[in-house]
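Residue numbers begin at 1 in each chain, while the letters A, B, ... track the order of the sequences.
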2 protein chains.
Amino acid sequence: MVSKHRRQVALRRLHESLVDLISFTNLPRGDEELIAEAGVVLDQALFRLLVGVERFGPISVGEIAERTDRDHTTVSRQVAKLAELGLIERRSSPLDKRVKEAMVTAAGRRVTDALDAARMRLSTPVFEHWSDRDLLELERLMRRFADDLLSMSAMPKETDT
Amino acid sequence: MVSKHRRQVALRRLHESLVDLISFTNLPRGDEELIAEAGVVLDQALFRLLVGVERFGPISVGEIAERTDRDHTTVSRQVAKLAELGLIERRSSPLDKRVKEAMVTAAGRRVTDALDAARMRLSTPVFEHWSDRDLLELERLMRRFADDLLSMSAMPKETDT
DNA sequence: CAAATTATGTGCAAAATACACACGTTTTCA
DNA sequence: TGAAAACGTGTGTATTTTGCACATAATTTG
């Protein structure tokens, strides 16, 4: 059992690393290369939106708005653009005809697949010198980190149930 | 030694986790709470800029622009706003009088400290049930991940030197 | 079943953004 | 060395993006 203080330091450093990682993903080089690789011309906002729809879709406009902290009217217009480009598809939810779910089309999937492949090519060399153990541990722990964060925030403030 | 394919799967899942974490940090609840907690009224853009200047400063306008993938004129105006609010300070770089470095002031530091404290309060319960080993391993591996990414991208394409 | 709530979308005004351009500083190289 | 090119920053201005007010359709509530 390490000290409470040591754990606090770990939390602080964890956040620093996360900020660094986010900052890195924002670097233009990354997106530009990925986009060029995929052969699509999308501004960053639409690019991220497409990835989000692929990752979380079928998803509603309102849910995207919450996730990205933007007004739902803004998202509504961006979603319309992606639909015009044929990269995503809208359909009324069968359970609730108010919501118009968004999901990637075959064309949209081709784009995100190309992005995935490009990202794979760019990230593989980073882990070239990592041991299997470290790589798999990072995979396990980061997944758990994300899961725990999300489940905590989904809970009401009194988390006794 | 696990298979090449297993490692590829790990890379893919790693990216998914990272996207989830970024998505979480974008959730409005987080920033709003943090900002309210710190007793400051800043829109998200300025809030992130301040954190960035604290983390990477002293830093030039151009460097921030690259990091955030925004036009340098946009950043120039945002930086001016933060300076007006007294949260950051500008000074000509002694080495290159063209650049006007930005760095947090004492007042700005108070804000980011408050943000850090608030974040600590919010993130501590997430790791309450984590073992020391897992927490420290996550800290170590995420830091290495960020460091390796940055050092790779800093290198020229022929990385033999 | 009427009223309140929810999801989505449009008009419009305000804000953010990027391009063109300018100015001072540094680097390049003939 | 010195003139030209490149660089970092900042301002004016046109364009784009954003969010609020409001509208419509669908669902839930009581």
Spacing of CD belonging to A:Glu137 relative to CZ belonging to B:Arg133, to within rounding of 0.5 Å: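 Between A:Glu137 CD and B:Arg133 CZ, I get 4.5 Å after rounding to 0.5 Å.
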Taking all non-hydrogen atoms of both residues into account, name the closest pair between B:Arg98 and B:Asp96 and its distance.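 Closest heavy-atom pair between B:Arg98 and B:Asp96: NH2-OD2, 2.7 Å.
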Both A:Pro94 and B:Glu101 contact DNA chain D. Which one's nearest nucleotide lies toward the 5' end?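 Result: B:Glu101.
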Spacing of [X] atom [atom1] relative to [N] atom [atom2], expressed in whole Å:
X        : N      : atom1 : atom2 : answer
A:Arg91  : C:dT8  : CZ    : P     : 13 Å
A:Lys100 : C:dT10 : NZ    : C1'   : 13 Å
B:His72  : C:dA18 : NE2   : C1'   : 9 Å
B:Leu49  : C:dT17 : CG    : P     : 11 Å
B:Lys81  : C:dT17 : NZ    : P     : 8 Å
A:Arg70  : C:dG9  : CZ    : C1'   : 18 Å
B:Asp96  : C:dT28 : CG    : P     : 12 Å
A:Arg67  : C:dA7  : CZ    : C1'   : 17 Å

Check ion pair B:Asp113-B:Arg110 (N to O, under 4.0 angstrom):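 No, B:Asp113 and B:Arg110 are not salt-bridged.
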Pair B:Asp147 + B:Arg144, salt bridge at N-O below 4.0 Å: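 B:Arg144 and B:Asp147: not salt-bridged.
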Worked check of side-chain contact (heavy atoms from CB on, under 4.5 Å) between B:Arg140 and A:Asp134: CA-CA 10 Å; B:Arg140 179 178 74 85; A:Asp134 278 0; 3.0 Å; yes
Using the side-chain contact (heavy atoms from CB on, under 4.5 Å) rule, pick out the option among B:Arg13, B:Arg6, B:Arg7 that qualifies with A:Leu136.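 That would be B:Arg6; it is the only one of B:Arg13, B:Arg6, B:Arg7 passing the side-chain contact (heavy atoms from CB on, under 4.5 Å) with A:Leu136.
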Reference residue B:Ile22; test side-chain contact (heavy atoms from CB on, under 4.5 Å); the match among B:Asp20, B:Leu18, B:Val19: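 Result: among B:Asp20, B:Leu18, B:Val19, B:Leu18 is the only option passing the side-chain contact (heavy atoms from CB on, under 4.5 Å) with B:Ile22.
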Base, sugar-phosphate, or nothing: which does A:Thr73 touch, judged by heavy atoms less than 4.0 Å apart?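 A:Thr73: base contact, heavy atoms under 4.0 Å.
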Would you indicate what A:Arg77 reaches in the nucleic acid, counting non-hydrogen atoms under 4.0 angstrom: base, sugar-phosphate, or nothing?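 Here A:Arg77 touches the bases of the nucleic acid.
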Report yes if a donor N or O on one partner sits less than 3.5 Å from an acceptor N or O on the other, where the partners are the side chain of [X] and the base of [N]; otherwise report no.
X       : N      : result
A:Arg98 : C:dT6  : yes
B:Thr74 : C:dA16 : no
A:Arg90 : C:dG9  : no

I'd like the 5' and 3' limits of the part of DNA chain D contacted by chain A, with heavy-atom contacts below 4.0 Å.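 Result: D:dT17 to D:dT27.
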